[in-house]
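These notes are about the structure you will find just below.
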Number of protein chains: 2
Amino acid sequence: MNNCDQCVVRNKSICAALDPDELVAINRLSRKVSIKAGQALIWEGDDSLIVANVVEGAFKLTSSLEDGREQIIGLLYPSDFVGRPFGDKNEYSVTALADSKVCVFSRSDFDQFVREHPDLEHKLLRRTLIELDRVRRSMLLLGRKTAAERVASFLLEMSERLADASCSVVGGNLKLFALPFGRQQVADILGLTIETVSRQMTQLKKNDIIALPDHRNVQILDADRLRNIADAGALSVH
Amino acid sequence: MNNCDQCVVRNKSICAALDPDELVAINRLSRKVSIKAGQALIWEGDDSLIVANVVEGAFKLTSSLEDGREQIIGLLYPSDFVGRPFGDKNEYSVTALADSKVCVFSRSDFDQFVREHPDLEHKLLRRTLIELDRVRRSMLLLGRKTAAERVASFLLEMSERLADASCSVVGGNLKLFALPFGRQQVADILGLTIETVSRQMTQLKKNDIIALPDHRNVQILDADRLRNIADAGALSVH
DNA sequence: CGGCCCGTTGAGAGGATTCAAGAGTCGTGG
DNA sequence: CCACGACTCTTGAATCCTCTCAACGGGCCG
């Protein structure tokens, strides 16, 4: 049991569809759970017994092969919805990237509650459609883009997703942001090896397209050229 | 305007959620449209003005780069739903692979109708969730699998999807099926070139894992070994 | 200071692509 | 029914890109 009134993602999660009465009802179905960095919330192949809202932290959604090759197929941040409603298997693992908190429901409870609350189901549908668009976009990246294009696309997407405070330091468009994870995970997102990611980043740095104050921070110096590379790979060095 | 009663996908499409009265109502919103093979129904980047149900034929869903590289991000068959409800842009193209028929709605009409019919919205949600699972599975394929693994995975998936009549000819597990498209499109699905697909198919044939009566038909001779290759790539010859 | 983790860099190998040519298939028309 | 052309698929050789393996560098913490 929980207190939705004070929930930090109250207005951004799918729960925003609910009025106070309904909130009390769903309150009774949920419990807040803390997950340490590196710990899994859901395992690939397991029965789908729970769903959840991310309250705090970050998660990766992964699918892997027996020999250890891993592909990150999604990232989850506060207010995102986790799990597979209306299905009996989880086709992927969900693992905390940082110490996190989630608001957990039993899947059967949740499924039933959703069916009784069309507005909630509508929110869920919208989110699912957005996620589907996002995932499909990454199919083009994984299937057809070169390493240089993948890294450039990734940096642009991250800079947009993290487009909040810290930006526009000096004159104007100098976007600075901190990657919430290391090179290996970037590689797992882009379907590359860690070495290739590293080489591509260095390349971009050498061409003054980005700056790397440290390993986690990235500053986009020339967004136009970066966009050029992302969409065609044509790096026109003087 | 249309006649849903006689619709061949009446019971398999999302319309199955509707009772006779509702069917009359949605009837008024739809019109049946014929599309010739190769013709596009929706263009990548266009405003999302229509959605539809596939009634007959087949479609590919594609995303591409300016230089012509193309990735197939989905396939649609009769009873499948097409288009992007509750969003203003189509992020991909939809093109007929064969002469086809679709039942088209204006997106705004459809959006509104769906919101008024929770059962329909529920069907749509379920479909979207299933599609999301499918697309995520292919992210692992595109990001991490080798050419051999991709082709093997593809053949297994197609054999399951087309697992109907014609099967089990002789003793037992000899699955025979016809690919509904040519090598180039297989390549566009798997994120490979046509030559690589061809070479991998030949390789499988040489190892007596599949037979290729002609270019469109495939017969799986040794499903176990094919599954082995699909998941690990370890091809144990002789 | 030294070990550990993570990221970078280098050299070499391997796999997929590219470019080019040849083989097979299909439909058309003589 | 066969011949022809167009198109698709296959095969080959060379190139290119990414991966693999290995060593090095740098920051962080004990």
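The sequence lines fix the lettering, A, B, ..., with proteins before strands; numbering per chain opens at 1.
The bend of the helix from C:dC1-D:dG30 to C:dG30-D:dC1, defined by the angle between the axes of its first five and last five pairs, stands at 30° to the nearest 10°.
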Expected string for nucleotides 5-13 of chain D under the B/S/- scheme (protein heavy atoms, under 4.0 Å, primed atoms plus P, OP1, OP2 as sugar-phosphate) is ----SBBBB

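Evaluation of the salt bridge (Lys or Arg N to Asp or Glu O under 4.0 Å) test over residues 132-143 of chain A, restricted to residues two or more places apart or in two chains, returns A:E131-A:R134, A:D133-B:R84, A:R136-B:E131, A:R137-B:E91. Listed by first then second residue, pairs satisfying salt bridge (Lys or Arg N to Asp or Glu O under 4.0 Å) with a partner in residues 210-221 of chain B number zero, not counting sequence neighbours. Within the structure, the salt bridge (Lys or Arg N to Asp or Glu O under 4.0 Å) test picks out no pair touching residues 193-205 of chain B (sequence neighbours left out).
Between B:L192 atom CG and D:dC17 atom P the separation is 18 Å, expressed in whole Å.
B:D99 is linked by a side chain to side chain donor-acceptor pair (under 3.5 Å) to nothing, counting only residues two or more places apart in sequence or in another chain. Shown here are the ring-ring contact (aromatic ring centres under 6.0 Å, His included) partners of A:F154, two or more places apart in sequence or in another chain: there are none. Every residue two or more places apart in sequence or in another chain that forms a side chain to side chain donor-acceptor pair (under 3.5 Å) with A:D67 is listed here: A:R69. Qualifying ring-ring contact (aromatic ring centres under 6.0 Å, His included) partners for A:F181, counting only residues two or more places apart in sequence or in other chains: none. B:E70 is linked by a side chain to side chain donor-acceptor pair (under 3.5 Å) to B:K60, counting only residues two or more places apart in sequence or in another chain.
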I'd like a table of donor-acceptor pairs (distance under 3.5 Å, sequence neighbours excluded) in which one partner is a side-chain atom from residues 186-194 of chain A, with atom names and distances.
residue: A:D188; atom: OD1; partner: A:Q184; partner atom: NE2; Å: 3.2
residue: A:D188; atom: OD1; partner: B:R144; partner atom: NH2; Å: 2.8
residue: A:T193; atom: OG1; partner: A:T196; partner atom: N; Å: 3.3
residue: A:T193; atom: OG1; partner: A:T196; partner atom: OG1; Å: 3.0

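Chain B approaches DNA chain C over the interval C:dA16 to C:dT25, counting the first and last nucleotide 5' to 3' with an atom under 4.0 Å from its heavy atoms.
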